[in-house]
Amino acid sequence: KAGVTQTPRYLIKTRGQQVTLSCSPISGHRSVSWYQQTPGQGLQFLFEYFSETQRNKGNFPGRFSGRQFSNSRSEMNVSTLELGDSALYLCASQDSGVGAARREQFFGPGTRLTVL
Amino acid sequence: AQKVTQAQTEISVVEKEDVTLDCVYETRDTTYYLFWYKQPPSGELVFLIRRNSFDEQNEISGRYSWNFQKSTSSFNFTITASQVVDSAVYFCALNQGGSQGNLIFGKGTKLSVKP
């Protein structure tokens with residue numbers, strides 16, 4: 001099976017712009033989670049989607065949003081970019097719904113976002 | 001509140017040394033799940049092991065071993081006879097039984113194995 005793929009791998013934007021990142025989960029996985037990784041805050045959970053519905057959300061401002069499509073692919077969007085949004089954004093896919101907490105998540109290579 | 005603490009920010013060892021990475025967690029739930037992930041320089045997090053709160057049995061997988069102790073809320077990871085390829089950042093993570101897909105990560109421990 002192919003792993004989790006994320007596009008683009010690298011992105012440079014300027015303050016005030018918006019950005020959309022894409023994630024394709026492992027085939028058959030219906031849950032997709034997004035994480036932000038920065039040197040200061042470490043790995044922080046953004047949100048999780050399951051069957052096109054947001055099932056869980058972390059403590060991030062409304063500028064961060066996401067969605068999931070019927071084929072389980074997910075996108076996250078950040079509007080009005082700030083310098084502090086520079087980070088590695090990681091997507092993870094997980095096998096299904098019930099009992100999800102006990103199953104491991106499989107991570108993609110991430111998208112490195114730089115905000116100038 | 002849930003929390004994962006990895007007190008060791010960086011560890012440097014010489015090849016073939018044994019090294020233990022510490023992980024202490026906090027949760028009020030009786031059902032929870034603990035994980036270890038490895039992040040090599042490429043950036044992708046690689047799953048290593050999962051342990052649930054009802055299973056305190058230690059595990060060994062090749063050069064890797066894990067010691068889970070509920071009494072001290074610890075889930076430590078030992079690499080025996082370390083190799084240069086073990087150099088990476090290692091993360092301990094916690095997921096409560098009722099939550100879905102939300103991993104709480106520690107800050108990570110950067111392991112450098114020198115030849």
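Per chain, numbering begins at 1; letters A, B, ... match sequence-line order.
- At least one donor-acceptor pair under 3.5 Å links the side chain of B/Lys107 to the backbone N or O of A/Gln41.
- Rounded to the nearest 0.5 angstrom, A/Phe107 CZ and B/Leu103 CG are separated by 5.5 Å.
- Residues B/Val113 and B/Val85 do not share a hydrophobic cluster, defined by chaining ILVMFWY side chains whose heavy atoms lie under 4.5 Å apart.
- Within 6.0 Å of the NZ atom in B/Lys110, the count of heavy atoms belonging to other residues, nucleotides or ligands does not exceed 12.
- In the hydrophobic clustering of this structure, B/Val84 does not group with B/Tyr64; members are Ile, Leu, Val, Met, Phe, Trp, Tyr whose side-chain heavy atoms approach within less than 4.5 Å, directly or through other members.
- Within 6.0 Å of NZ on A/Lys57 lie more than 12 heavy atoms contributed by other residues, nucleotides or ligands.
- Here the shortest heavy-atom pairing between A/Leu88 and B/Gln39 reads CD2-NE2, 4.0 Å.
- With rounding to the nearest 0.5 angstrom, the OH atom of B/Tyr37 is 11.0 Å from the CG atom of A/Leu90.
- The shortest distance between side-chain heavy atoms of A/Leu43 and B/Leu45 falls below 4.5 Å.
- A single hydrophobic cluster is not seen to contain both B/Trp66 and B/Val24; linkage of ILVMFWY side chains at heavy-atom distances under 4.5 Å, directly or through other members, places them apart.
- Interface residue A/Gln37: only side-chain heavy atoms are found under 4.5 Å from chain B.
- When the shell of 6.0 Å around CZ of A/Arg63 is examined, it contains more than 12 heavy atoms from other residues, nucleotides or ligands.
- Side-chain atoms of B/Tyr33 do not come within 3.5 Å of backbone N or O of A/Glu104 as any donor-acceptor pair.
- In this structure, A/Tyr35 has its ring center under 6.0 Å from that of B/Phe105.
- Of the inter-residue distances, the one linking B/Arg50 atom CZ with A/Gln105 atom CD reads 11.5 Å to the nearest 0.5 angstrom.
- Scanning all heavy atoms of the two residues, the minimum distance from A/Gly108 to B/Glu44 falls at O-CG, 3.6 Å.
- Enclosure of atom CZ in B/Phe54 by more than 12 non-hydrogen atoms of other residues, nucleotides or ligands within 6.0 angstrom is indicated.
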